[in-house]
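Here is the structure we will look at, set down as structure tokens.
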Amino acid sequence: MSETAQPELTTRYTPSEIEAGVYDAWQTAGLLTPAEKGSDKPTFTIMIPPPNVTGVLHMGHALNNTLQDVIARHKRMSGFDTLWVPGTDHAGIATQAVVEKRLFQEKGLTRESMGREAFLSEIWSWKEHHGNVILGQLRRLGASCDWTRTKFTLDDDMSTAVREAFVSLYERGLVYRGARLVNWDCKLQTAISDDEIEYKQQKGHMWYLRYPVKDSGQFVTVGTTRPETMLADTGVAVHPDDARYADLIGKTLLLPIVNREIPIVADESVERELGTGAVKVTPGHDPADYERGRRNNLPILNLLEKDGKLTDVGGPFAGLTKEAARKAVIEWFEANELLDHIEDITHNISISDRSKTPIEPLVSEQWFVKMQPLAEPAIEAVHDGSLEFKQARWKKVYLDWLENVHDWCISRQLWWGHRIPVWYDEDDTPFPSRVDVEIGSLHPDTGKPIVRQDPDVLDTWASSWLWPFATLGWPNEEATDLNRFYPTQFLSTARDIIYLWVARMVMAGYAFRKELPIQERCPFSTCYIHATVLDGKGRRMSKSAGNGIDPVEMIEKYGADAVRYSLMILTREGQDVKLAANRFELGQRFCNKIWNVSRFALGHLEGDIAEDCGDALEDRWIQARLDSVTAEVTTALGQYDFHDAAQALYRFTWDDFCDWYVESAKRRLRLAEDAGLDSAEAADAARVRRTLGNTLAQLLKLLHPFTPFLTERLWEHLPSTFRSVEGMLMGAEWPVVQDKCETPAEVDYAALQDAVRGFRNVRALLEIAASDKPVGTILANDEAMAQSMRANGDLLSYLAGLSELQVQTGGQRPADSGTDLFVGGSVFLPFTAETDASKLRDSLEKKALKISKGIQAIDGKLANERFIQNAGDDVVESERQRRVELEIEHSTLKANLSALS
RNA sequence: GGGCGAUUAGCUCAGUUGGCUAGAGCAUCUCGUUUACACCGAGAGGGUCAGGGGUUCGAGUCCCUUAUCGCCUACCA
């Protein structure tokens with residue numbers, strides 16, 4: 001950026017004007033893309049959690065991507081070749097559903113009526129026109145992704161990777177096809193995985209049904225929440241040690257309605273105390289029953305068609321919907337006096353995450369991934385430290401899932417997605433292949449003609465689990481990016497994604513990057529689990545509840561920097577964040593503050609600028625503080641403690657820089673204005689400008705990861721003498737800690753600040769007008785303090801609004817004066833004719849009481865022998881020291897008070 | 001049923017390995033337009049740290065327990 005353009009800086013932070021153009025400038029300058037290979041810098045890689053291509057930005061995204069961007073920018077400035085890979089996933093079910101709905105509403109078309117190819121081309125064109133909105137929104141947020149490497153999970157190279165993964169797992173015996181009980185979504189008519197189910201508490205009933213025992217007058221009563229499934233019962237189970245049923249084990253029941261003979265079996269899984277102690281077993285419709293059925297060799301019957309209507313197993317009720325069948329079954333049992341009783345209960349029902357309709361467990365033929373062997377190295381990864389969770393407690397959640405993992409059903413009865421790369425011959429013998437197989441060609445094992453490709457597609461996660469390396473060129477092991485940027489360093493995501501995505505990516509890293517040494521296989525070294533964004537009342541933000549806050553709207557209202565900064569400071573690591581729209585005012589105010597103090601500083605940097613910084617107390621103090629905040633921010637960001645870094649910057653910017661350094665510096669800048677060009681004051685002001693400019697430049701760098709737009713705009717206006725390198729702030733180097741903190745300047749300036757506060761306090765309590773400039777007096781506790789106060793008397797007078805400052809160490813305390821304590825003694829301001837000292841007296845008496853309470857507390861401790869014995873020497877010593885200080889304060893205060901009256 | 005998290009000022013939250021008189025922002029009250037900023041400045045008030053026990057010289061912080069709220073998880077028919 002050139003310095004030539006100097007448009008007027010507005011008096012207010014106006015984000016829309018500031019942000020416009022900055023992002024494009026970064027991109028044009030090539031700052032979003034890491035340098036070509038050849039650089040000897042270390043790399044730092046972040047993979048974006050790919051949002052749904054149909055999605056729009058919500059607050060969770062805004063938070064998550066701000067976190068990633070803060071890290072990316074900090075690492076980039078810290079000398080890493082930083083790559084942040086953006087992209088989207090194809091979100092199989094969600095996207096297909098959106099387009100299907102639209103086609104039906106607009107044209108009355110269904111996908112079946114259109115056919116597979118036509119439908120897919122509709123989705124693709126929809127994606128081209130309406131997809132990727134979210135990527136544009138990320139730009140508005142300021143996300144410094146490398147757009148030249150943008151990926152989509154259905155890109156050709158990603159598809160190649162998916163096929164490679166599928167076939168290679170098949171070859172290793174880790175992918176198999178089988179008829180198993182899966183979660184069936186009757187509305188979308190596809191299998192879904194366990195992780196796509198949500199549970200909802202609902203009021204319902206427990207029906208107790210009586211089944212007659214064959215050739216005896218006895219009955220066995222079983223309870224069920226879903227009576228219609230009794231039609232597919234193939235047994236009843238009781239506990240082997242249950243005396244009530246002992247003589248019935250092995251006997252046969254006559255299943256009502258359909259008159260099927262089913263056995264009574266013994267199974268350890270039955271809890272005697274629950275219900276009647278007898279459980280109807282429906283292996284085709286309940287996961288627990290499926291297992292019981294297997295253990296006892298009970299047949300599996302499928303009661304439901306894929307559309308949720310009853311099969312022939314339903315006997316007289318075949319063809320009914322499950323709801324109608326339920327009613328019919330209950331009526332039948334009532335009519336035949338086999339309905340024992342009904343209880344009202346609340347219970348959990350499984351709902352499809354996608355269609356929000358009840359899930360039916362259903363036996364069907366699907367492809368599965370055998371998870372346990374894949375899980376083992378992923379478990380080991382957290383044990384050997386290859387993978388760390390930020391907020392270590394999430395490690396447990398991750399392990400819980402991996403240690404109890406079930407095989408993963410990866411086929412989906414959809415059209416939008418990676419079609420399963422398996423072809424079948426006329427006997428249905430599968431042939432998985434990395435490349436397309438022609439219909440009519442011969443199956444390599446059976447020699448019979450190939451007749452069809454598997455019609456199903458893969459679960460979306462079966463492509464996104466490859467994201468960390470497929471985006472970099474895998475399966476081409478020679479790919480430059482793959483070798484350079486894998487493994488990555490930082491993955492930030494939401495907690496509900498730990499199972500769905502994080503654990504699977506780690507599994508994939510170990511399963512597919514076997515050519516790497518073991519310690520380089522884990523796809524990322526840190527997994528950061530970000531806060532959940534809740535609304536102002538603590539509820540989850542959701543579309544259906546309509547309580548979401550639109551980040552783009554917030555960006556338009558408050559500015560991207562304000563939104564980013566607010567999110568960072570409001571979100572404590574690992575803690576949920578309650579967010580109401582007005583909370584962004586915090587960031588807005590802060591941005592305005594940065595803007596205005598920069599405006600002040602830049603305005604003064606037009607004068608002469610010395611080589612060296614000023615060496616007055618305030619100059620040395622602000623440099624020490626700047627060094628200290630630099631260390632704090634650098635450490636915090638290194639540990640991914642975003643809140644701490646944001647907080648440290650807030651304190652430094654607002655309190656130290658704005659309220660104290662700038663206010664202090666004004667004095668010398670104004671003296672120079674009055675004194676003329678060649679004066680000593682002018683020379684001094686030139687050094688103030690050096691300090692002011694250096695501090696501002698470094699502050700802008702420190703702030704840049706949080707508020708990139710604003711700081712970049714301000715950087716343009718900074719004279720080149722304050723920029724070690726030309727170019728944009730985004731490409732500038734991160735400040736180095738100089739170890740300048742803890743200097744005597746900090747102690748002296750702190751005393752001065754305290755004295756100023758004391759004077760201001762007295763002013764307020766005595767209601768001395770701001771325009772009045774009284775003579776102030778300091779009674780210092782010792783000569784050293786008096787020296788320091790005298791040496792900086794002009795500054796102190798300026799800040800406290802005094803016409804003159806007198807400093808003494810002993811003698812008469814000023815008569816008819818208001819007073820307060822400060823860390824090094826007392827301050828005094830003279831009464832005027834109309835002074836009412838009562839407020840001041842109340843305040844001092846209150847303070848005296850507090851101090852004497854403090855003294856009593858310490859006396860209590862020091863009188864306690866066990867305290868002296870057990871507490872550390874340093875603790876005892878500091879209590880003694882504190883006792884002395886309080887005593888001085890107390891006697892001073894008492895003396896001051898008596899002088900007052 | 002199991003697990004995790006929360007409970008600190010009117011509101012939203014900080015508070016490192018136990019150790020000075022428990023902090024901040026917002027809100028409230030008083031004063032103030034001093035040429036960076038009223039999206040500002042100066043000052044003030046406001047808290048038996050959810051309840052109860054315990055460990056300790058000392059507990060917001062560690063342990064036990066109760067309560068309320070939230071999240072995750074589980075095959076109660």
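Residue numbers begin at 1 in each chain, while the letters A, B, ... track the order of the sequences.
What separates CG of A:Leu500 from P of B:C72 is a distance of 12 Å, to the nearest Å. Atom pair A:Glu885:CD and B:U21:C1' shows a separation of 13 Å (rounding to whole Å applied). Between A:Arg572 atom CZ and B:U12 atom P the separation is 18 Å, expressed in whole Å. If you measure from atom CG of A:Asn596 to atom P of B:C40, you get 10 Å, rounded to the nearest angstrom. Put simply, CG on A:Asp535 is 13 Å from C1' on B:U12, counting in whole angstrom units. Taking atom CZ of A:Arg760 as the reference point, atom P of B:U30 lies 21 Å away to the nearest angstrom. Taking atom CD on A:Glu268 and atom P on B:C75, their separation rounds to 19 Å, with Å as the unit. The CZ-C1' distance, from A:Arg763 to B:G43, rounds to 12 Å in whole Å.
With distances taken from any side-chain atom of A:Arg292 to the nucleotides B:A36, B:C75, B:G3, the minimum falls on B:C75. The side chain of A:Arg670 has B:A36 as its nearest neighbour among B:C72, B:C76, B:A36. Which of B:A36, B:C20, B:U73 sits closest to the side chain of A:Arg882 comes down to B:C20. The side chain of A:Leu274 has B:C76 as its nearest neighbour among B:G15, B:C75, B:C76. The side chain of A:Leu886 lies closest to B:U21, out of B:C4, B:C76, B:U21.
Judged as a side-chain contact (heavy atoms from CB on, under 4.5 Å), and not counting sequence neighbours, the contacts of A:Lys537 are A:Asp535, A:Arg539. For A:Lys847, the salt bridge (charged side-chain N to carboxylate O under 4.0 Å, His left out) partners two or more places apart in sequence, or in a different chain, are A:Asp820. Not counting sequence neighbours, the partners of A:Arg882 by the side-chain hydrogen bond (donor to acceptor under 3.5 Å, both in side chains) test are A:Glu885. Scored by the side-chain hydrogen bond (donor to acceptor under 3.5 Å, both in side chains) test, A:Thr691 finds no partners at all (sequence neighbours excluded). Judged as a side-chain hydrogen bond (donor to acceptor under 3.5 Å, both in side chains), and not counting sequence neighbours, A:Asn870 has no contacts. Not a single side-chain hydrogen bond (donor to acceptor under 3.5 Å, both in side chains) links A:Arg540 to another residue, sequence neighbours left out. Residues passing the side-chain contact (heavy atoms from CB on, under 4.5 Å) test with A:Thr10 are A:Thr14, A:Glu17, A:Trp595, sequence neighbours excluded.
When the C1' atom is compared between B:U61 and B:U56, the two are found 13 Å apart, to the nearest whole Å. A gap of 11 Å separates the C1' atoms of B:A24 and B:A9, to the nearest Å. For the C1' atoms, the distance linking B:G10 with B:G47 amounts to 11 Å, nearest Å. Atom P of B:G60 sits at a distance of 12 Å from the matching atom of B:U21, rounded to the whole Å.
Here A:Phe590 and A:Tyr650 bring their ring centres to under 6.0 angstrom of each other.
Using a cutoff of 4.0 Å between basic side-chain nitrogens and carboxylate oxygens, A:Asp242 and A:Arg272 are not scored as salt-bridged. With respect to the salt-bridge test (charged N to carboxylate O, under 4.0 angstrom), the residues A:Arg763 and A:Asp772 do not qualify. Between A:Arg495 and A:Asp576, at least one side-chain N (NZ, or NE/NH1/NH2) sits under 4.0 Å from a carboxylate O, which counts as a salt bridge. Contact check on A:Glu845 versus A:Arg841 returns no salt bridge, with no Lys/Arg side-chain nitrogen under 4.0 Å from an Asp/Glu carboxylate oxygen.
Within the 4.0 angstrom heavy-atom criterion, only backbone atoms of the sugar-phosphate kind lie near A:Asp659; the bases stay farther away. Residue contacts shown for A:Phe584 are absent, as no nucleic acid heavy atom lies under 4.0 Å away. Using a 4.0 Å heavy-atom criterion, one finds that A:Cys658 contacts the bases of the nucleic acid, with or without backbone contacts as well. Within 4.0 Å of A:Arg539, counting heavy atoms only, lies no atom of the nucleic acid at all. Looking at heavy-atom distances under 4.0 Å, A:Thr224 makes contact with sugar-phosphate atoms alone, never a base.
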*Under 4.0 Å protein heavy-atom contact, by nucleotide of nucleotides 57-62 of chain B - B base, S sugar-phosphate only*: B-----
If you restrict it to nitrogen or oxygen atoms, what contacts under 3.5 Å exist between nucleotides 25-29 of chain B and the protein, and what is each distance?
none

Under-3.5 Å N/O pairs linking protein and nucleotides 5-7 of chain B:
unit_1: B:G5; atom_1: O2'; unit_2: A:Gln575; atom_2: NE2; d: 3.1

Mind listing the side-chain donor-acceptor pairs of residues 652-661 of chain A below 3.5 Å, one per line with the distance, residues two or more places apart or on another chain?
unit_1: A:Thr653; atom_1: OG1; unit_2: A:Leu649; atom_2: O; d: 2.6
unit_1: A:Asp655; atom_1: OD2; unit_2: A:Arg651; atom_2: NE; d: 2.8
unit_1: A:Asp655; atom_1: OD2; unit_2: A:Arg651; atom_2: NH2; d: 3.4
unit_1: A:Asp656; atom_1: OD2; unit_2: A:Arg625; atom_2: NE; d: 2.7
unit_1: A:Asp656; atom_1: OD2; unit_2: A:Arg625; atom_2: NH2; d: 2.9
unit_1: A:Tyr661; atom_1: OH; unit_2: A:Asp619; atom_2: OD1; d: 2.7

Only distances under 3.5 Å count here; give the side-chain donor-acceptor pairs of residues 562-572 of chain A to other protein atoms, sequence neighbours excluded, each with its distance to 0.1 Å.
unit_1: A:Arg564; atom_1: NE; unit_2: A:Phe706; atom_2: O; d: 3.0
unit_1: A:Arg564; atom_1: NH1; unit_2: A:Asp69; atom_2: OD2; d: 2.8
unit_1: A:Arg564; atom_1: NH1; unit_2: A:Leu141; atom_2: O; d: 3.0
unit_1: A:Arg564; atom_1: NH2; unit_2: A:Asp69; atom_2: OD2; d: 2.8
unit_1: A:Arg564; atom_1: NH2; unit_2: A:Pro705; atom_2: O; d: 2.7
unit_1: A:Tyr565; atom_1: OH; unit_2: A:Ala646; atom_2: O; d: 2.6
unit_1: A:Ser566; atom_1: OG; unit_2: A:Ala562; atom_2: O; d: 2.7
unit_1: A:Ser566; atom_1: OG; unit_2: A:Gly587; atom_2: N; d: 3.0
unit_1: A:Thr571; atom_1: OG1; unit_2: A:Leu567; atom_2: O; d: 2.7
unit_1: A:Arg572; atom_1: NH1; unit_2: A:His643; atom_2: ND1; d: 3.1
unit_1: A:Arg572; atom_1: NH1; unit_2: A:Asp644; atom_2: OD1; d: 2.6

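The phosphate of B:C13 (OP1 or OP2) has a side-chain N or O of A:Lys578 nearer than 4.0 angstrom. Taking 4.0 angstrom as the limit, A:Lys666 places none of its side-chain polar atoms (N or O) nearer than this to OP1 or OP2 of B:G41. At B:G45, one or more side-chain N or O atoms of A:Lys846 fall inside 4.0 Å of OP1 or OP2 (strictly under the cut-off).
The aromatic rings of A:Phe584 and A:Tyr558 sit tilted, their planes meeting at an angle between 30° and 60°.
For A:Glu663 and B:A36, a side-chain-to-base donor-acceptor distance below 3.5 Å is present, hydrogens and geometry of angles not being considered.
Residue A:Asp400 is the one, among A:Asp576 and A:Asp400, whose nearest nucleotide of RNA chain B lies closer to the 5' end (criterion: closest heavy atom). In this structure, A:Ala857 and A:Gln647 both approach RNA chain B, and ranking their closest nucleotides by distance from the 5' end singles out A:Gln647.
Pairing for B:U61 is absent, judged as Watson-Crick or G-U wobble with the two contacts each under 3.5 Å. Across all strands shown, B:G18 forms no Watson-Crick or G-U wobble pair with both distances under 3.5 Å. Across all strands shown, B:U68 pairs with B:A6; the Watson-Crick or G-U wobble distances both stay below 3.5 Å. Look at B:G1: its Watson-Crick or wobble partner, with both distances under 3.5 angstrom, is B:U73.
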